[in-house]
Structure formats: C-alpha cells, structure tokens
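Positions are given from 1, in the same order as the sequence printed here. All values below were derived from every heavy atom in this structure, side-chain atoms included, with hydrogens, water molecules and symmetry-related copies excluded.
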Amino acid sequence: MLPAKIYYLKQLENGPVSHRTITKRMTGKFLDSAAGIKDSLIKDGIIVCVKKVLQSDGKYNYHHELTGKEFVVLEQQENSDVWDDGSVRSKGNAFDWRGPSLAYSRKELVHLQQKYQNNNPITIYSRA
C-alpha cells in the first residue's frame with residue numbers, strides 16, 4: 001500500500017486534483033483501492049477535501065489537496081513478530097522461510113532412504 005500512497009500524494013503536489021482523476025490514473029498500476037488510500041490519508045490529516053463539484057451525471061466530484069503535514073514512512077523491521085494489522089506472525093512452520101530449516105539435506109535424505117529402503121518408505125517433500 002505504501003507505493004500507492006506515495007503515488008496518490010504525488011498527484012496532489014501541484015494543487016487540488018479530483019479523486020476520480022487520481023482513481024483513473026491508478027487503475028491498473030496498483031491493486032490497492034484509491035478510496036481506501038484517500039480515506040487513510042484524510043484520517044491521518046495529510047490531505048483534506050477542498051471542493052465538492054456536482055457533475056452533469058449527478059455524481060459529486062471531490063477535490064483534495066495536501067495539508068502540508070509530513071508523510072512519515074516508518075521503516076518496518078524485517079524480523080518483526082507482528083503483521084501490519086497487529087496480528088502475530090506464525091513461526092516454525094512452512095511459512096517461516098527465513099527461520100531455521102527443519103528439513104533434511106540431500107545427503108541425509110539419501111542416507112535415510114538407503115537405511116529404510118523396504119521397511120519404512122520415507123516420503124520426501126521439498127520447498128517450492
């Protein structure tokens with residue numbers, strides 16, 4: 001979401017721009033919702049709605065501008081124990097690819113296969 005927020009803010013650098021115009025520019029470039037980004041920036045006090053224009057199709061077109069408040073990017077630690085929303089990250093499973101590996105090396109697997117060749121077959125799984 002951070003690149004999309006930065007893009008949204010760059011669109012407002014030269015003065016008020018309608019939200020609909022920014023949404024059209026963002027379509028196809030980002031997966032994030034322009035409305036969600038706009039709402040979070042308004043909530044943080046970084047942008048403000050300055051004009052509400054009624055168009056010929058009966059829809060309102062809202063124009064926003066920067067308030068002058070700094071947009072601070074907090075560097076997130078790579079090995080943080082929580083996600084952005086505050087939920088705890090899982091550890092010690094297949095999704096913990098940065099942590100210590102619990103898998104056997106190829107030499108160990110070959111040795112185990114030879115040792116238990118007919119008695120107890122070993123199913124080998126590898127990380128994709």
Side-chain angles (χ1 to χ4, degrees):
M1 181 180 257
L2 182 62
K5 276 187 178 181
I6 292 171
Y7 182 83
Y8 198 102
L9 292 173
K10 283 186 179 181
Q11 299 300 310
L12 296 173
E13 284 179 346
N14 296 329
V17 179
S18 75
H19 173 68
R20 190 169 294 170
T21 302
I22 296 173
T23 302
K24 288 178 184 176
R25 291 176 185 170
M26 288 181 68
T27 303
K29 292 182 182 177
F30 301 99
L31 296 175
D32 301 315
S33 164
I37 292 169
K38 173 196 60 130
D39 292 341
S40 69
L41 291 173
I42 288 174
K43 179 181 157 191
D44 294 341
I46 298 171
I47 65 172
V48 65
C49 181
V50 292
K51 193 166 39 170
K52 179 178 171 182
V53 179
L54 180 63
Q55 294 183 322
S56 61
D57 59 358
K59 295 181 181 178
Y60 284 104
N61 200 353
Y62 297 92
H63 290 69
H64 297 86
E65 72 177 356
L66 298 171
T67 60
K69 184 177 177 183
E70 287 282 325
F71 178 67
V72 180
V73 179
L74 298 175
E75 295 292 329
Q76 186 177 5
Q77 297 176 357
E78 284 187 25
N79 297 328
S80 176
D81 293 336
V82 294
W83 291 103
D84 293 337
D85 63 357
S87 59
V88 180
R89 291 186 182 206
S90 60
K91 294 182 181 177
N93 55 26
F95 301 106
D96 187 16
W97 58 273
R98 287 191 177 121
S101 176
L102 302 174
Y104 294 107
S105 68
R106 289 184 186 253
K107 284 183 178 181
E108 292 171 327
L109 288 173
V110 169
H111 175 69
L112 290 171
Q113 282 178 332
Q114 290 173 352
K115 185 176 179 181
Y116 300 108
Q117 188 171 11
N118 293 327
N119 299 340
N120 190 7
I122 297 173
T123 306
I124 299 175
Y125 298 100
S126 65
R127 290 184 175 187

Grab the two heavy atoms, one from [X] and one from [Y], that are nearest each other, plus how far apart they are.
{"X": "Val53", "Y": "His63", "result": "CG2-CE1, 3.9 Å"}
{"X": "Glu13", "Y": "Leu66", "result": "CA-CD1, 4.1 Å"}
{"X": "Leu12", "Y": "His64", "result": "CD2-O, 3.2 Å"}

With clusters defined by side-chain heavy atoms of hydrophobic residues (ILVMFWY) lying less than 4.5 Å apart, directly or transitively, does [Y] cluster with [X]?
{"X": "Ile37", "Y": "Tyr62", "answer": "no"}
{"X": "Ile42", "Y": "Tyr7", "answer": "yes"}
{"X": "Val48", "Y": "Leu41", "answer": "no"}
{"X": "Ile46", "Y": "Val50", "answer": "no"}
{"X": "Leu2", "Y": "Leu9", "answer": "yes"}

Can you confirm whether Gln55 is buried at CD, in the sense that more than 12 heavy atoms of other residues, nucleotides or ligands lie under 6.0 Å from that atom?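 Yes, CD of Gln55 has more than 12 neighbouring heavy atoms, counting only those of other groups under 6.0 Å.
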Tell me, yes or no, whether the heavy-atom count around Leu54 atom CG, taken from other residues, nucleotides or ligands under 6.0 Å, exceeds 12.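 Enclosed: over 12 neighbouring heavy atoms sit under 6.0 Å from CG of Leu54.
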Under a 3.5 Å distance rule, please check whether Lys38 uses its side chain to pair with a backbone N or O of Ile47 as donor and acceptor.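 No, the answer is negative, given that no donor and acceptor are paired below the 3.5 Å cut-off.
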With a 3.5 Å distance limit and no angle check, can you tell me whether Thr67 reaches the backbone of Gly45 through a side-chain donor-acceptor pair? yes
According to the interplanar angle, ranging from 0 to 90°, do the rings of His19 and Tyr8 count as parallel (below 30°), tilted (30 to 60°) or perpendicular (above 60°)?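 His19 and Tyr8: tilted rings.
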Pairwise side-chain contact, Asp32 with Lys5, heavy-atom cut-off 4.5 Å (strictly under): no
